[in-house]
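One structure is given below, encoded as structure tokens.
Because the structure is predicted, anything quoted here is derived from the model rather than measured.
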Amino acid sequence: MAKEKLVVIKEADITNNCPECFNQDMKITFYQKHLFGRLYHKITSKVSHQIKCNTCESIIYPVNWTEDIERIFEYYQKMVNPEKATTKFTAMFYLIILLPIVIAAVLFYLYKTGIISF
């Protein structure tokens, strides 16, 4: 089973008023989803975000956004450069794929040279 991990790709402090406590100390963070399995490491194209007030520790959901927060969000969203969606295979994947091929090739060579017979 693959493990999911959200990797931070952009983080910025914003000075908009918090809808909860009206303080001006918030942080916007953009995440990209990565999947880690035993045979692969997959970077997905899915990007998520979170706006959090540093004073009251509340997460500001899009329902509570003001027009200023929406403008700041759109500005920072344009600045986000996510990694390209790729799949990278691990060494274990190559071991599982190549080991049977090498064993079959060695057995075929030994059979053709007459060292072993079936």
Side-chain angles (χ1 to χ4, degrees):
M1 180 126 211
K3 294 182 181 179
E4 293 182 11
K5 182 177 179 185
L6 294 176
V7 176
V8 176
I9 55 175
K10 179 93 175 144
E11 192 171 54
D13 293 323
I14 56 177
T15 57
N16 294 68
N17 289 333
C18 172
E20 302 292 325
C21 67
F22 302 106
N23 202 334
Q24 292 185 341
D25 186 21
M26 296 195 306
K27 183 175 290 232
I28 185 167
T29 310
F30 289 92
Y31 302 96
Q32 187 170 17
K33 185 176 178 182
H34 289 227
L35 299 172
F36 295 95
R38 291 187 177 180
L39 302 177
Y40 64 91
H41 171 205
K42 184 174 185 175
I43 301 172
T44 64
S45 60
K46 183 178 179 187
V47 176
S48 59
H49 62 275
Q50 179 182 31
I51 298 178
K52 185 174 185 179
C53 178
N54 294 331
T55 305
C56 65
E57 299 293 323
S58 63
I59 297 173
I60 313 301
Y61 295 103
V63 175
N64 297 333
W65 287 1
T66 61
E67 290 181 22
D68 295 334
I69 294 175
E70 287 182 24
R71 274 184 292 206
I72 292 294
F73 171 76
E74 290 171 2
Y75 172 75
Y76 280 109
Q77 190 177 26
K78 290 177 185 176
M79 292 178 57
V80 170
N81 292 322
E83 292 181 49
K84 185 179 176 184
T86 59
T87 301
K88 298 176 185 174
F89 296 107
T90 62
M92 187 175 199
F93 172 80
Y94 291 112
L95 183 69
I96 290 173
I97 296 297
L98 294 177
L99 190 61
I101 294 171
V102 170
I103 290 173
V106 168
L107 289 175
F108 181 73
Y109 174 75
L110 293 176
Y111 176 73
K112 281 297 200 182
T113 57
I115 297 174
I116 62 170
S117 61
F118 296 106

Checklist entry - Of the non-hydrogen atoms in Ser45 and Gln32, which two are nearest, and what is the gap between them? => result CA-NE2, 4.3 Å
Item to check | Passing candidate, side chain to side chain donor-acceptor pair (under 3.5 Å) with Gln24, options Thr55, Asp13, Asn17 | outcome: Asn17
Item to check | Linked hydrophobic residues, Tyr76 as query - side chain contacts closer than 4.5 Å | outcome: Ile9, Ile14, Met26, Ile28, Phe30, Val47, Ile51, Ile60, Trp65, Ile69, Ile72, Phe73, Tyr75, Met79, Val80
Item to check | Thr44 side chain to Lys33 backbone, donor-acceptor under 3.5 Å | outcome: yes
Item to check | 4.5 Å side-chain heavy-atom contact, Ser48 and Leu6 | outcome: yes
Next on the checklist: If you count every heavy atom of other residues, nucleotides or ligands that lies below 6.0 Å from Lys27 atom NZ, does the total exceed 12?
Outcome noted: yes
Item to check | Sub-4.5 Å side-chain heavy-atom contact between Asn64 and Glu20 | outcome: yes
Item to check | Distance (rounded to the nearest 0.5 Å) between Glu70 CD and Glu67 CD | outcome: 7.0 Å
Next on the checklist: If I take atom CD1 from residue Ile101 and atom CD1 from residue Ile96, how far apart are they, to the nearest 0.5 angstrom?
Outcome noted: 12.5 Å
Return a table of donor-acceptor pairs under 3.5 angstrom between the side chains of residues 35-43 and protein atoms on other chains or two or more places apart.
residue, atom, partner, partner atom, Å
His41, NE2, His34, ND1, 3.2

Checklist entry - About how many Å separate CD of Glu11 and OH of Tyr31, when rounded to the nearest 0.5 Å? => result 7.0 Å
Checklist entry - Does Tyr109 belong to the same Ile/Leu/Val/Met/Phe/Trp/Tyr cluster as Leu99, with side-chain heavy atoms less than 4.5 Å apart forming each link? => result yes
Checklist entry - Rounded to the nearest 0.5 Å, how far does CG of Asn16 lie from SG of Cys53? => result 11.0 Å
Checklist entry - Are Leu110 and Phe108 connected in a single hydrophobic cluster, I mean Ile/Leu/Val/Met/Phe/Trp/Tyr linked by side-chain heavy atoms less than 4.5 Å apart? => result no
